[in-house]
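Below is one structure, written out as structure tokens, with a few remarks after it.
Throughout, protein chains are lettered first and strands after them, A, B, ... in sequence-line order, and every chain is numbered starting at 1.
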Amino acid sequence: MRWPATIPEALEVQATLRAGVDLTDACPDPATVTGLDVAYDPAGERIAAAAVTLSLDDLRIVDQAVVTGEVTFPYEPGLFAFRELPPLLDAIAALTRPPEVFACDGHGLAHPRRFGLACHLGVLTGTPAFGVGKTRLVGTHAEPGPAAGDSAPLLDGDTHVGEVLRTRPGVKPVYVSAGHLISLDHATRLTLALSPRYRLPETTRAADHLCRAALD
DNA sequence: GCGACAG
DNA sequence: ATCTTGTCGC
């Protein structure tokens with residue numbers, strides 16, 4: 001199917017692709033994680049997308065790619081992937097080494113139709129992916145404990161769609177959810193391991209810096 | 001009808 | 001997301 005241009009078409013694509021989500025963990029012991037992020041120019045017409053692969057043992061960059069493109073889909077909560085995935089897929093294709101698991105900025109299953117950006121990316125690439133959101137899209141939760149590593153389940157009705165994780169002491173928690181070919185527990189552990197110093201995982205920070213720089 | 005609403 | 005002034009803390 002071709003890339004949707006309208007909201008009804010996008011909803012149809014989500015309804016089709018969501019059946020492809022598999023939560024079986026296919027990356028039990030990854031050596032690297034590839035972070036993804038995008039940035040927009042002030043006018044909101046140009047978009048830059050970056051993919052940065054970090055080694056899990058020292059959090060150093062082992063591969064990176066960045067591309068720029070035009071924004072082709074409006075911002076619509078719940079339909080994020082249709083706006084950000086085209087340039088992200090181009091950036092991923094420009095990587096030198098095959099990614100083991102993707103850390104996305106945004107949600108996976110913590111989505112109104114259980115098919116956020118991380119699910120969509122995972123299904124299209126066939127590679128494990130999880131989401132780390134900075135704010136909530138769906139669900140309710142208790143306040144996680146104050147220590148790094150403390151978390152609370154994110155519940156949408158009675159479905160456990162994600163984990164609200166305190167990555168650093170005294171900072172606002174992040175929203176972790178599985179996307180594809182990974183468990184929520186593993187995604188949460190990876191997110192914590194990637195955040196030894198700042199609220200957001202180093203993968204997200206590295207990709208953020210790279211795509212911002214590509215816009216100047 | 002009134003809020004809520006990833007980036 | 002991006003824009004923006006000031007403030008607090010290491």
Run the salt-bridge test on Asp37(A) and Arg205(A) with the 4.0 Å N-O cut-off and return the result as yes or no.
no
Whole-Å distance, His111(A) NE2 to dC5(B) P, equals 14 Å
To the nearest angstrom, the CG-P distance between Asp105(A) and dT2(C) comes to 10 Å
Interatomic distance where CZ belongs to Phe80(A) and C1' belongs to dA1(C) [whole Å]
7 Å
Sugar-phosphate only, base, or nothing, as touched by Ile47(A) at under 4.0 Å among non-hydrogen atoms
nothing
Which whole-number value in Å describes the distance from Asp37(A) CG to dA6(B) C1'?
12 Å
Answer yes or no for this row: Tyr75(A) ring on dG7(B) base, centroids under 5.5 Å, planes under 30°.
yes
Looking only at the aromatic ring of each residue, does the gap between the centers of Tyr175(A) and His141(A) stay below 6.0 angstrom?
yes
When the ring planes of His120(A) and Phe82(A) are compared, do they come out parallel, tilted or perpendicular, using 30° and 60° as the limits?
perpendicular
Backbone N/O of Leu192(A) and side chain of Arg189(A): donor-acceptor pair under 3.5 Å
no
I'd like to know if the side chain of Thr159(A) and the backbone of Leu155(A) have a donor-acceptor N/O pair within less than 3.5 Å.
no
Would you classify Leu79(A) as touching base, sugar-phosphate or nothing, given that sugar-phosphate means primed atoms plus P, OP1 and OP2, and contacts are heavy atoms under 4.0 Å?
base
Check this for me: Arg60(A), atom CZ, are more than 12 non-hydrogen atoms of other residues, nucleotides or ligands nearer than 6.0 Å?
no
Using atom CG of Leu215(A) as one end and atom P of dA1(C) as the other, report the distance to the nearest whole Å.
13 Å
Footprint string (nucleotides 3-10 of chain C, 5' to 3'): B base within contact, S backbone only, - free, heavy atoms under 4.0 Å:
S-------
Looking at residues 125-140 of chain A, who's got a heavy atom less than 4.0 Å off DNA chain B?
Gly133(A), Lys134(A), Thr135(A), Arg136(A), Leu137(A)
Starting from P on dG7(B), measure out to CG on Leu85(A) and report it in whole angstrom.
16 Å
Across the strands shown, which category fits Gly44(A) at heavy-atom distances under 4.0 angstrom: base, sugar-phosphate, nothing?
nothing
Can you tell me how far P of dA6(B) sits from CD of Gln14(A), to the nearest Å?
14 Å
Test of understanding: with side-chain contact (heavy atoms from CB on, under 4.5 Å), list the residues that count as partners of Thr68(A), not counting sequence neighbours.
Arg46(A), Ala48(A), Ala214(A)
Is the number of heavy atoms from other residues, nucleotides or ligands within 6.0 Å of CG (Asp58(A)) greater than 12?
yes
How would you label the contact of Ala39(A) with the nucleic acid (heavy atoms, under 4.0 Å): base, sugar-phosphate, or nothing?
sugar-phosphate
Pairing of Glu143(A) and Arg166(A) as salt bridge, 4.0 angstrom limit
yes
Just how far, in rounded Å, is C1' of dC5(B) from CG of Leu11(A)?
14 Å
State whether Tyr175(A) places a side-chain N or O below 4.0 Å from either non-bridging phosphate oxygen (OP1 or OP2) of dA6(B).
no
